[in-house]
Amino acid sequence: QVQLVESGGGLVQAGGSLRLSCAASGRRFSINGMGWYRQAPGKQRELVALITSGGSTNYTNSVKGRFIISRDNAKNTVYVQMNSLKSEDTAVYYCYASVWVPLTPNWTDYWGLGTQVTVSS
């Protein structure tokens, strides 16, 4: 079994910055894509940013130029640096990873429990 543990959420004023971290732990496993999704009250969960094991990135349009996703493959950790935060960035942020565990046939999506980010205007 693999666990994803997020940290770094909190309350920040508009225009401020936060950095979220997510570390994957467990017994033998491999990770392909890692990233972040978010869900605001009354809205569907949406992609924020993804990064492959090779470092290719993908961002939703609303965060391009403000958020930077990165990862440390040796530590099985993904980060997102969130700058110029806006009130509309307020949401629960969920870590995501596409994981392969030995003796299983497929890559499996894993999710963290989420961390709250609140941006006050």
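Numbering of residues begins at 1 and proceeds along the displayed sequence.
- Taking each heavy atom of W100 and L103 in turn, the nearest pair found is CZ2-N, 4.3 Å.
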Show me the donor-acceptor pairs, under 3.5 Å and distance only, between side chains in residues 1-10 and residues at least two apart or in other chains.
unit_1: Q1; atom_1: OE1; unit_2: Y110; atom_2: OH; d: 3.2
unit_1: E6; atom_1: OE1; unit_2: L113; atom_2: N; d: 3.2
unit_1: E6; atom_1: OE1; unit_2: G114; atom_2: N; d: 3.0
unit_1: E6; atom_1: OE2; unit_2: C95; atom_2: N; d: 2.9
unit_1: E6; atom_1: OE2; unit_2: G114; atom_2: N; d: 3.0

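- Closest non-hydrogen pair, M82 versus V117, comes out as CE-CG2, 3.9 Å.
- Clustering ILVMFWY residues whenever any of their side-chain heavy atoms sit less than 4.5 angstrom apart, transitively, puts L18 in the very cluster that holds I69.
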Would Q13 and L85 count as a side-chain contact (heavy atoms from CB on, under 4.5 Å) here? Give the steps. CA-CA 8 Å; Q13 288 188 333; L85 283 161; over 6 Å; no
The test is side-chain contact (heavy atoms from CB on, under 4.5 Å); show your working for F67 and N83 and say whether it passes. CA-CA 6 Å; F67 290 13; N83 302 318; 5.9 Å; no
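- I68 and V80 fall within the same hydrophobic cluster, where Ile, Leu, Val, Met, Phe, Trp and Tyr residues are linked whenever their side-chain heavy atoms come under 4.5 Å apart, directly or through other members.
- Using a distance-only test at 3.5 Å, with no hydrogens or angles considered, a donor-acceptor pair links the side chain of R71 to the main chain of I51.
- Nearest approach of A91 to A40, heavy atoms of both residues: CB-N, 3.8 Å.
- Taken from OG in S30 to CG in N76, the straight-line distance is 8.5 Å, to the nearest 0.5 Å.
- Applying the ring-ring contact (aromatic ring centres under 6.0 Å, His included) test to residues at least two apart or on different chains, the pairs with a partner in residues 34-57 are Y37-Y96, Y37-W111.
- Geometrically, R45 engages Y94 in a cation-pi contact defined by less than 6.0 Å to the ring centre and at most 45° from the axis.
- L50 is not connected to L20 by any chain of hydrophobic side-chain contacts under 4.5 Å among Ile, Leu, Val, Met, Phe, Trp and Tyr, and they are in different clusters.
- Shown here for V101 and R28, the closest heavy-atom pair between the two residues is CG1-O, 4.0 Å.
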Go through E46 and R38 one step at a time and tell me if the side-chain contact (heavy atoms from CB on, under 4.5 Å) criterion holds. CA-CA 5 Å; E46 64 170 356; R38 66 187 179 187; 2.7 Å; yes
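- The CG atom of L11 sits 5.0 Å away from atom OG of S120, with the distance rounded to the nearest 0.5 Å.
- Between S17 and Q81, the closest side-chain pair of non-hydrogen atoms falls below 4.5 Å.
- Closest heavy-atom contact between T60 and L47: CB-O, 3.3 Å.
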side-chain contact (heavy atoms from CB on, under 4.5 Å) between W107 and N32: does it pass, once the steps are laid out? CA-CA 9 Å; W107 292 84; N32 187 4; 3.6 Å; yes
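- Rounded to the nearest 0.5 angstrom, D109 CG and S98 OG are separated by 5.5 Å.
- The two residues Y79 and S21 come nearest to each other via the heavy atoms CD2-OG, 3.3 Å.
- Side chains of Q116 and T118: a donor on one and an acceptor on the other come within 3.5 Å.
- Side-chain contact, T77 with D72: no donor N or O sits under 3.5 Å from an acceptor N or O.
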